[in-house]
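These notes are about the structure you will find just below.
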Amino acid sequence: MVAVELRNQANLWGLEDTLGELAYLTRSAGARVVGQISQRADRLAPTYVGKGKLRELADQIYDLKADVVIFDDELTPTQQRNLEGALAVKVIDRTALILDVFGRHARTYEGKLQVDLAQHQYLLPRLVGQWSHLERLGGGIGTRGPGETQLETDRRLVRRRIQRIERELEGVRRRRTLYLDRRKKASIPSASLVGYTNAGKSTLFNALSNAKVEAADQLFSTLDPVTRRVRLPSGGELLLSDTVGFIQKLSPTVVAAFRATLEEMIGTDLLLHVVDITHPKAFEQADVVESTLEGLGLSEKPRLLVVNKMDLLPVGTSSGEGSPAIRLPTDAATPTVFVSAAECWNLDGLLEEVESRLMVNDGPMMVVSDRRFGT
C-alpha cells in the first residue's frame, strides 16, 4: 500500500489513519497486505511518489514478492501508466479498490447496475494505455493506425455500455419515484439510516426491524438499500431504510453512479446519522458524512444523531464538555440519542425520539438521558 500526505493541504486524516483504512478496504477485497510505504510531499509526482520512493517501492515489491500495489488516492491515467511501466505489477488506486469491494457486495439488479456503471465510467479515460504498443504502427497524414482504431472501437463500446446502463438506471429511478409518491400518499413517515461505513447501521436496522440484513465487521457490507416497517411507541408505523455507508476520498464518479440508491434519502422525512463513538476518528468520519450529504443537496434535511456502540465504552464515561471519550460530532442544537445496537440498549428511547422529531417541525427536541453514561 502506498500513501502520500500533501503538506500544503489541511487534512484531518493522518497517514497512519488513512493507511489503516486502506488496509481494511484491501482485506475486504480479499487481498493480504504485505507492506506499506508513505511519503510527505508538496505535490503528487507523475509517478505519484518521488523517484527515491519509487525505487524503494520497486525493491519492496521484489523482496516481498507482491503482485499488486494499491495507492490511497485516485490516480490519473498518466500516473497509472507511468507506475505500471516502472513497477511491472498490477496497479490499483483507491477508487478501483472501492469499486471491487462494491462489486463483491452488490446483490440486487439495481446494485449490480450501479457498480457496472461506475466501473465503466472509471475505465473510459484509462483506455488509452491499453493499446499504446500499437499507436506507432501505420498512421501518417490522412490515415489511422490500428492502435488508434482499436482504441476508438473500445471507447465506443464502453460509451454505448454506459448509455445503456444509464437508461436502465433511469427506469429504476422512475420506479423509485413512483414508490416514493405512493408512500407519501399513504402518509407513512419514513427515515433513513446514514453514516460512515461500518458504523453499525445494519446492526441497528436489524435490531429495530427484526430484519436479517447482513451486518459484518467489514466495509460496505450493505450496498443495496433495504426498507422495512417499524412499529413506533404510539402504535403508528415508520418506514426505515438502510443505505450504503460513506467513506473518505469517495470519488464523485462513484457517488454519481449510486445516485439512484442515494435518492432514497431525498424522499425520506428524517435522516438518522449513525456514529461509531468508539472509533478514534469518529468526529472526522461524521464530517465526511455531512460533507457527502451536503454534496447530495441534503444538508437541510432534518436529522437525528445516533451515537452507537455505547456498550463498548467504560462504565461512567461522560458526554459532558471536555470529555475525550465522547466528543460529539455535531452542534448542541442537533438532537442526539445514545444507543447500543448490538445490545439493543435504548432502542425504545430512539424510537420515541424519532417519533417526536417527526411530529415537531420547530423548537428543541427531547434528548434521551441515562445516568449510567452521564448523558
Find the distance between [atom1] ([X]) and [atom2] ([Y]) and round it off to the nearest 0.5 Å.
{"X": "Gln163", "Y": "Leu117", "atom1": "CD", "atom2": "CG", "value": "11.5 Å"}
{"X": "Asp287", "Y": "Lys281", "atom1": "CG", "atom2": "NZ", "value": "11.0 Å"}
{"X": "Cys344", "Y": "Leu204", "atom1": "SG", "atom2": "CG", "value": "9.0 Å"}
{"X": "Leu239", "Y": "Ile188", "atom1": "CG", "atom2": "CD1", "value": "5.0 Å"}
{"X": "Leu99", "Y": "Gln114", "atom1": "CG", "atom2": "CD", "value": "12.0 Å"}
{"X": "Leu293", "Y": "Glu290", "atom1": "CG", "atom2": "CD", "value": "5.5 Å"}

What I'd like to find out is whether the side chain of [X] reaches to under 4.5 Å of the side chain of [Y], using heavy atoms alone.
{"X": "Phe205", "Y": "Val230", "value": "no"}
{"X": "His273", "Y": "Val289", "value": "yes"}
{"X": "Leu305", "Y": "Val337", "value": "no"}
{"X": "Leu351", "Y": "Leu347", "value": "no"}
{"X": "Ile162", "Y": "Gln121", "value": "yes"}
{"X": "Lys309", "Y": "Glu343", "value": "no"}
{"X": "Ile70", "Y": "Asp93", "value": "no"}
{"X": "Phe338", "Y": "Leu350", "value": "no"}

By side chain to side chain donor-acceptor pair (under 3.5 Å), which residues pair with [X], not counting sequence neighbours?
{"X": "Asp348", "answer": "none"}
{"X": "Asp72", "answer": "Thr18, Arg94, Lys249"}
{"X": "Ser299", "answer": "none"}
{"X": "Thr292", "answer": "none"}

Next item on the list: With sequence neighbours excluded, tell me which residues meet side-chain contact (heavy atoms from CB on, under 4.5 Å) with Ala86.
Entry: Leu54
Next item on the list: Under the side-chain contact (heavy atoms from CB on, under 4.5 Å) rule, collect the residues that match up with Asn308, sequence neighbours excluded.
Entry: Val274, Val339, Ala341
[X]: salt bridge (charged side-chain N to carboxylate O under 4.0 Å, His left out) partners, not counting sequence neighbours:
{"X": "Arg104", "value": "Asp100"}
{"X": "Arg229", "value": "Glu237"}
{"X": "Glu168", "value": "Arg164"}
{"X": "Asp116", "value": "Arg161"}

[X] side-chain N/O to [Y] backbone N/O, donor-acceptor pair under 3.5 Å:
{"X": "Tyr48", "Y": "Val4", "answer": "yes"}
{"X": "Ser340", "Y": "Trp345", "answer": "no"}
{"X": "Ser356", "Y": "Glu352", "answer": "no"}
{"X": "Ser192", "Y": "Thr268", "answer": "no"}

Contacts table for residues 34-47: side-chain donor-acceptor under 3.5 angstrom, sequence neighbours left out:
unit_1	atom_1	unit_2	atom_2	d
Gln39	OE1	Gly50	N	3.2
Arg40	NE	Glu5	OE1	2.8
Asp42	OD1	Arg7	NH1	3.3
Thr47	OG1	Val49	O	2.9

Between [X] and [Y], is there shared hydrophobic-cluster membership here, with clusters defined by ILVMFWY side-chain heavy atoms closer than 4.5 Å?
{"X": "Leu97", "Y": "Leu87", "value": "no"}
{"X": "Leu124", "Y": "Leu75", "value": "no"}
{"X": "Val226", "Y": "Leu272", "value": "yes"}
{"X": "Val69", "Y": "Ile92", "value": "no"}
{"X": "Leu15", "Y": "Met1", "value": "no"}

Checklist line | Heavy atoms from other residues, nucleotides or ligands near CD of Glu166 exceed 12 (cutoff 6.0 Å) | finding: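 Enclosed: over 12 neighbouring heavy atoms sit under 6.0 Å from CD of Glu166.
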Item checked: Single hit among Ser241, Ser209, Ser190 for side-chain hydrogen bond (donor to acceptor under 3.5 Å, both in side chains) with Thr227 ->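 Answer after filtering Ser241, Ser209, Ser190: Ser241.
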Output yes when [X] and [Y] qualify as a salt bridge under the 4.0 Å nitrogen-oxygen rule, no when they do not.
{"X": "Lys53", "Y": "Glu56", "value": "yes"}
{"X": "Glu74", "Y": "Arg126", "value": "yes"}
{"X": "Glu152", "Y": "Arg155", "value": "yes"}

Notebook entry, point to check: Judged by modelled atom types alone, do Tyr24 and Asn198 share a side-chain donor-acceptor pair under 3.5 Å?
Noted result: yes
Check: Looking only at side chains, do Tyr196 and Asp276 share a donor and an acceptor under 3.5 Å apart?
Finding: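 There is no such pair (donor and acceptor under 3.5 Å, judged by atom type) between the side chains of Tyr196 and Asp276.
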Notebook entry, point to check: Minimum heavy-atom separation for Leu193 to Lys201, with atom names?
Noted result: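 Between these two residues, the closest heavy atoms are CD1-O, 3.4 Å.
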Note to self: On a heavy-atom basis, which atom in Pro77 and which in Pro125 lie closest, and how many Å separate them?
What the structure shows: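 Taking every non-hydrogen atom into account, CG-O, 3.4 Å.
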Check: Ile98 and Thr95: side chain to side chain contact (heavy atoms under 4.5 Å, CB included), yes or no, with the steps?
Finding: CA-CA 5 Å; Ile98 289 174; Thr95 299; 5.8 Å; no
Margin query: Evaluate Leu270 against Leu358 for side chain to side chain contact (heavy atoms under 4.5 Å, CB included), listing each step before the verdict.
Written below: CA-CA 7 Å; Leu270 179 66; Leu358 290 169; 4.0 Å; yes
Margin query: For Gln80 and Phe71: C-alpha separation, side-chain torsions, deciding distance, then whether side chain to side chain contact (heavy atoms under 4.5 Å, CB included) applies.
Written below: CA-CA 10 Å; Gln80 187 158 356; Phe71 293 81; over 6 Å; no
Only pairs under 3.5 Å count here: list side-chain donor-acceptor contacts from residues 58-66, not counting sequence neighbours, and write none if there are none.
none

